[in-house]
Amino acid sequence: MKFNVLTIFPEIISNYSKESILGRGQKAGTIEIKPINIRDFADDKHNTVDDTPYGGGAGMVMKPDPIYKALKSLDAIPFSKDNGLNKLKKIFTGKLKAKKRTILLSPRGRQFDQRLAEKWSKYGELTFICGRYEGVDQRVTDHMIDEEVSIGNYVLAGGELAALVIIEAVSRLIPDVLGNRDSLLEETFGNHKSSLEISNLKFQIDKEYPQYTKPSDFNGWKVPDVLLSGNHKRIEEWRKKL
Ligand code: SAH
């Protein structure tokens with residue numbers, strides 16, 4: 001699965017995704033995270049990506065043209081919004097096969113959640129646009145993306161952290177990115193369940209019961225006896241009750 005991230009701070013993306021599961025997933029070739037510097041697509045010598053808002057007001061707004069060019073270079077403008085010639089070209093080159101999504105990070109977008117992470121983990125390519133300053137020219141929303149997504153009801157200084165949150169939530173659902181944790185899951189819930197069911201179930205359970213590790217007694221604070229009993233049926237019941 002491929003993640004493209006349009007940003008004016010590509011190093012935020014590359015530095016974070018070097019580590020932990022995103023780093024391992026990339027080394028294994030299961031995922032690819034590609035930061036794209038929007039400035040590379042600006043057409044003046046100062047690489048300008050923002051300008052003052054029409055109608056006045058504070059701050060700067062990100063220009064539509066560099067974002068458009070960057071998306072074009074990735075072939076990431078949604079099929080439904082692209083012009084007819086490109087639609088035909090895509091049909092003939094078979095590019096419709098891998099499901100793609102182009103997403104603008106925005107505090108006013110649809111709220112990202114585990115269900116959306118599940119859905120997107122089945123896609124072939126996700127392209128994120130990270131805003132900065134006061135936000136992004138409305139024509140990006142109207143003509144270049146599939147949807148606007150928010151990670152919560154608060155305002156960040158840029159879309160980079162939001163993109164990383166989503167990439168991490170989606171990546172850990174892709175088979176083989178987490179390695180042995182996934183095979184553990186299969187053992188617990190059996191192969192008869194779809195991966196969606198397994199993951200939803202795991203999500204509910206993970207959220208609900210407390211986890212303990214060694215030592216079993218720390219400062220006199222003890223791990224519940226049932227967890228040390230080795231009786232899987234009782235443990236399962238205990239976890240469900242909480
Ligand atoms: N003036 C805008 C905020 C711009 S914040 C407003 O009031 O709505 C600058 C950029 O940060 C946004 O364009 C967006 O890409 C990103 N951002 C801020 N908060 C976010 C959130 N909760 N979820 C996703 N992206 C966010």
Side-chain angles (χ1 to χ4, degrees), residues 1-10 12-14 32-44 46-55 57 59-112 116-117 119-151 155-167 170:
M1 173 152 189
K2 190 173 175 194
F3 301 93
N4 303 309
V5 185
L6 274 62
T7 168
I8 56 169
F9 296 111
I12 297 179
I13 306 300
S14 53
E32 182 189 347
I33 300 167
K34 188 177 169 195
I36 289 115
N37 193 341
I38 300 170
R39 284 195 197 285
D40 294 344
F41 295 85
D43 54 11
D44 65 330
H46 302 294
N47 300 116
T48 311
V49 292
D50 59 316
D51 214 327
T52 52
Y54 275 118
M60 301 295 267
V61 174
M62 289 185 76
K63 289 157 67 65
D65 31 330
I67 293 175
Y68 182 77
K69 284 184 195 144
L71 288 174
K72 274 279 182 193
S73 79
L74 297 165
D75 196 15
I77 310 249
F79 182 67
S80 57
K81 299 199 173 164
D82 219 337
N83 64 47
L85 200 73
N86 276 322
K87 276 184 196 169
L88 278 177
K89 220 168 79 188
K90 279 183 195 165
I91 290 166
F92 287 117
T93 53
K95 281 189 177 152
L96 282 173
K97 274 181 198 155
K99 260 199 170 181
K100 291 176 161 195
R101 260 297 182 265
T102 299
I103 299 127
L104 174 67
L105 281 327
S106 161
R108 71 178 177 196
R110 162 188 183 185
Q111 165 108 37
F112 180 73
L116 200 51
K119 189 174 153 197
W120 284 350
S121 69
K122 313 281 187 309
Y123 283 42
E125 187 169 332
L126 298 179
T127 299
F128 297 97
I129 303 165
C130 303
R132 280 271 156 181
Y133 316 113
E134 283 308 309
V136 178
D137 188 290
Q138 180 63 27
R139 285 163 291 184
V140 172
T141 304
D142 292 345
H143 303 290
M144 303 179 208
I145 61 162
D146 293 293
E147 57 189 312
E148 280 187 319
V149 172
S150 160
I151 61 160
V155 181
L156 302 162
E160 289 76 12
L161 282 174
L164 287 169
V165 163
I166 295 174
I167 291 171
V170 170

Taking the inter-plane angle between the rings of F3 and F128 on a 0 to 90° scale, is it parallel (under 30°), tilted (30 to 60°) or perpendicular (over 60°)?
-> parallel
Using a 4.5 Å cut-off on heavy atoms from C-beta on, say whether the side chain of I145 contacts that of I103.
-> no
Check ion pair K69-D43 (N to O, under 4.0 angstrom) = yes
One should read off an interatomic distance between L161 CG and I151 CD1, to the nearest 0.5 angstrom, of 7.0 Å
Evaluate the side chain to side chain contact (heavy atoms under 4.5 Å, CB included) criterion for residues L74 and K34: first the C-alpha distance (whole Å), next the side-chain angles of each, then the deciding distance (0.1 Å), finally the verdict.
-> CA-CA 11 Å; L74 297 165; K34 188 177 169 195; 4.1 Å; yes
Using the side chain to side chain contact (heavy atoms under 4.5 Å, CB included) rule, take I129 and V140 through it: C-alpha gap first, then chi angles, then the decisive distance, then the call.
-> CA-CA 9 Å; I129 303 165; V140 172; 3.9 Å; yes
Within-4.5 Å side-chain heavy-atom neighbours: V5 and C130 | yes
So, for P53 and G59, which heavy atoms are closest and what is the spacing to 0.1 Å?
-> CD-O, 3.2 Å
Please report the shortest heavy-atom distance between R139 and P64, naming the atom on each side.
-> NH2-CG, 4.0 Å
Looking only at heavy atoms, the pair that brings Y123 and K99 closest together is CB-O, 3.6 Å
Under 4.5 Å between any side-chain heavy atoms of E125 and N4, yes or no?
-> yes
Heavy-atom check, side chain of E148 versus side chain of R108, under 4.5 Å = yes
Flag the pair M62 / I8 as yes when at least one side-chain heavy-atom distance between them is below 4.5 Å, and no otherwise.
-> yes
Measure the shortest side-chain to side-chain distance between S150 and F112 over non-hydrogen atoms and say whether it is less than 4.5 angstrom.
-> no
Charged N-O contact under 4.0 Å between E147 and R101 | yes
Between L6 and L71, is any pair of side-chain heavy atoms under 4.5 Å apart?
-> yes
By salt bridge (charged side-chain N to carboxylate O under 4.0 Å, His left out), which residues pair with K2, not counting sequence neighbours?
-> none
For T48 against A42, the heavy-atom pair lying closest together | O-CB, 3.4 Å
Checking L104, I38, V49 against I67 for side-chain contact (heavy atoms from CB on, under 4.5 Å), the one that qualifies is I38
Without swapping roles, check the side chain of T102 against the backbone of A76 for a donor-acceptor pair under 3.5 Å.
-> yes
Check whether any side-chain heavy atom of T7 sits under 4.5 Å from a side-chain heavy atom of I13, and report yes or no.
-> yes
Check whether any side-chain N or O of R39 sits under 3.5 Å from a backbone N or O of N47 as a donor-acceptor pair, and report yes or no.
-> yes
So which heavy atom on F41 is nearest to which on P66, and how close?
-> CB-O, 3.4 Å
Shortest non-hydrogen contact between R132 and G158, atoms and distance = NE-CA, 3.5 Å
Checking side-chain contact (heavy atoms from CB on, under 4.5 Å) against K100, which of D146, D75, T127 comes through?
-> D75
